[in-house]
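Order of the sequence lines sets the chain letters (A, B, ...), proteins ahead of strands, with each chain counted from 1. Since the model is a prediction, treat every value here as computed from it, not as a measurement.
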Protein chains: 2
Amino acid sequence: MPASNVAPCRQNPRMPTPADCSQCSAYGLAVCSALDIEELGQLESHASKLSVPANGVLARAGQPCRHAYSVTSGMMRLVRTLPDARRQVIDFMLPGDFIGLSEAQTYRHNVEAVVQSTTCVFDMGEIRQFRERHPKLEHKMLERACIDLDNAQDAMMMLARLSPLERLASFLLRMRRRYRENGISDALVALPMGRSDIADHLGLTIETISRSFTRLRGQALIALPDPQHVEILDEAALSELAHATS
Amino acid sequence: MPASNVAPCRQNPRMPTPADCSQCSAYGLAVCSALDIEELGQLESHASKLSVPANGVLARAGQPCRHAYSVTSGMMRLVRTLPDARRQVIDFMLPGDFIGLSEAQTYRHNVEAVVQSTTCVFDMGEIRQFRERHPKLEHKMLERACIDLDNAQDAMMMLARLSPLERLASFLLRMRRRYRENGISDALVALPMGRSDIADHLGLTIETISRSFTRLRGQALIALPDPQHVEILDEAALSELAHATS
DNA sequence: CGTCCTCTTGATTCCCGTCAACTCTTGTGG
DNA sequence: CCACAAGAGTTGACGGGAATCAAGAGGACG
């Protein structure tokens, strides 16, 4: 990583470029799939593409919601931080995920890139108008919001009641499921985020995460070819651990 | 409570009666407020009213989602339970709250009455059709889903990172805010749910809840005229404790 | 008045967070 | 090429805080 300035983890996104929906690898995953070719063309004129380097910040908590985003490549994280630096990674966003559903006037969390990522940027006001004129898009947004709600409620159960080992099992299965939904079906589950992101997502510490990985490996439920890749060896046992809270 | 049978906490709702939207005390709070008089009349023909006694079960986790509900009086709880009886109260539902936004085919949690409550019952298929024909309702549903999502994400932060005392402070402020949104603005915050419901909502035990109440009272942040009523004495200090995670 | 239930309070246990040390990799520059 | 530094991940030792276990207090109801 180039030591560009005094805040190396807070690099800014590059300048936006025009969107080209016909070339978008996330079409079919994203809310845009609700639109036909012609409608997509109209939407395209309101959108632009933006590349964000690893650890770059796309939006900051507390600032006015001027834009909405659709992740098209890479991986982003939604992060909330308390004044005393306690941190919570609300969710990891994969290609096809939409950022900007909240009804709040200001962003409720930082939007940061886990790895170099690209997003489609919409003006918040324009996309709201567009939604009104295109009920199919509005419907897709509602579907998406309901799925996010279901996931958030699963996460509540996990955070409130599961043990560290159970949380990690649940997390690994969930990550694999999300990759599969995006058509990435590999034996290895990639974990591009660091241990501290996982810890702050599961409400634990990096030490407890590390120990839990070691225990899962010790019980031969997973293999760890390297810290960023997990091979699921015993899916049944992992599911049992996760209690269907995948 | 009448000892009616071997499962006293699992009483069934009474038979439904026709809905009368013009008399509904929750109109203005509920999603129905998106509709005008005429549209409301059409919706009414698809709806019926249902009374549920305290601790009665309106819907069970795992069963097919045949109905959606709008709470019109009382208080309900959404409950998820693990095979080993670990329990999580996902949320408390007040008049105006809508149950049935999930995209899942089956209910994701038990829907139970905290106190005697009434709900408006819709056929799930019919309300979906109705939504398609009435974009204003669809829009209101999306708004509602986004608010629920925001709340669920707040809850994630709370469950993952706040101390017991902070969680309780956050919970009390949140309950008061919700009462105020419903036009109930009393010095006393009513807590009709039992300590075990609060514990299972905050990811703690009843003992820890009780001790936390005692500590808040000891610091003169609240008064407890009786276990079901809390008087907020020092809102600033409570907010400080809750870290804006109300 | 006794029973049942909820809530509160006290005593003990144990798990996870904290603190600390170590490994391993990566990158830098002499 | 190697020394050094920086950062991420792992592992161990220890302590604190919430869960657990247990008992007592207070109401509601017959």
Let's test your reading of the model: under 3.5 Å, does the base of [N] pair with the side chain of [X] as donor and acceptor?
| X | N | value |
| --- | --- | --- |
| A/R211 | D/dG9 | no |
| B/Q228 | C/dC7 | no |
| B/R215 | C/dT8 | no |
| A/E207 | C/dC19 | yes |

Residue whose closest nucleotide on DNA chain D lies nearer the 5' end, B/P164 versus A/P227: A/P227
Residue met sooner reading DNA chain D from 5', once A/R161 and A/M193 are mapped to nucleotides: A/M193
Atom-to-atom span, [atom1] of [X] to [atom2] of [N] - whole angstrom:
| X | N | atom1 | atom2 | answer |
| --- | --- | --- | --- | --- |
| B/D197 | C/dC7 | CG | C1' | 14 Å |
| B/D84 | D/dA19 | CG | P | 15 Å |
| B/D200 | C/dC7 | CG | P | 12 Å |
| B/L216 | C/dT9 | CG | C1' | 16 Å |
| B/I209 | C/dT6 | CD1 | C1' | 14 Å |
| B/R195 | D/dA18 | CZ | P | 18 Å |
| B/D226 | C/dT8 | CG | P | 10 Å |
| B/F213 | C/dT6 | CZ | P | 16 Å |

Sugar-phosphate, base or nothing in reach of B/L204, heavy atoms under 4.0 Å: sugar-phosphate
Between [X] and [Y], which heavy-atom pair has the shortest distance, and what is it?
| X | Y | answer |
| --- | --- | --- |
| A/L29 | A/R144 | O-NH2, 3.0 Å |
| B/M175 | B/V189 | CB-CG1, 4.0 Å |
| A/D150 | B/S102 | OD2-OG, 2.8 Å |

Taking atom types as modelled and ignoring hydrogens, do the side chains of B/N110 and B/E112 form a donor-acceptor contact shorter than 3.5 angstrom? yes
OP1 or OP2 of C/dG17 less than 4.0 angstrom from a side-chain nitrogen or oxygen of A/T208, does that happen here? yes
Between A/T205 and C/dG17, is there a side-chain N or O to OP1/OP2 distance below 4.0 Å? yes
For the pair B/F92 and B/F171, name the ring-plane relationship: parallel under 30°, tilted 30 to 60°, perpendicular over 60°. tilted
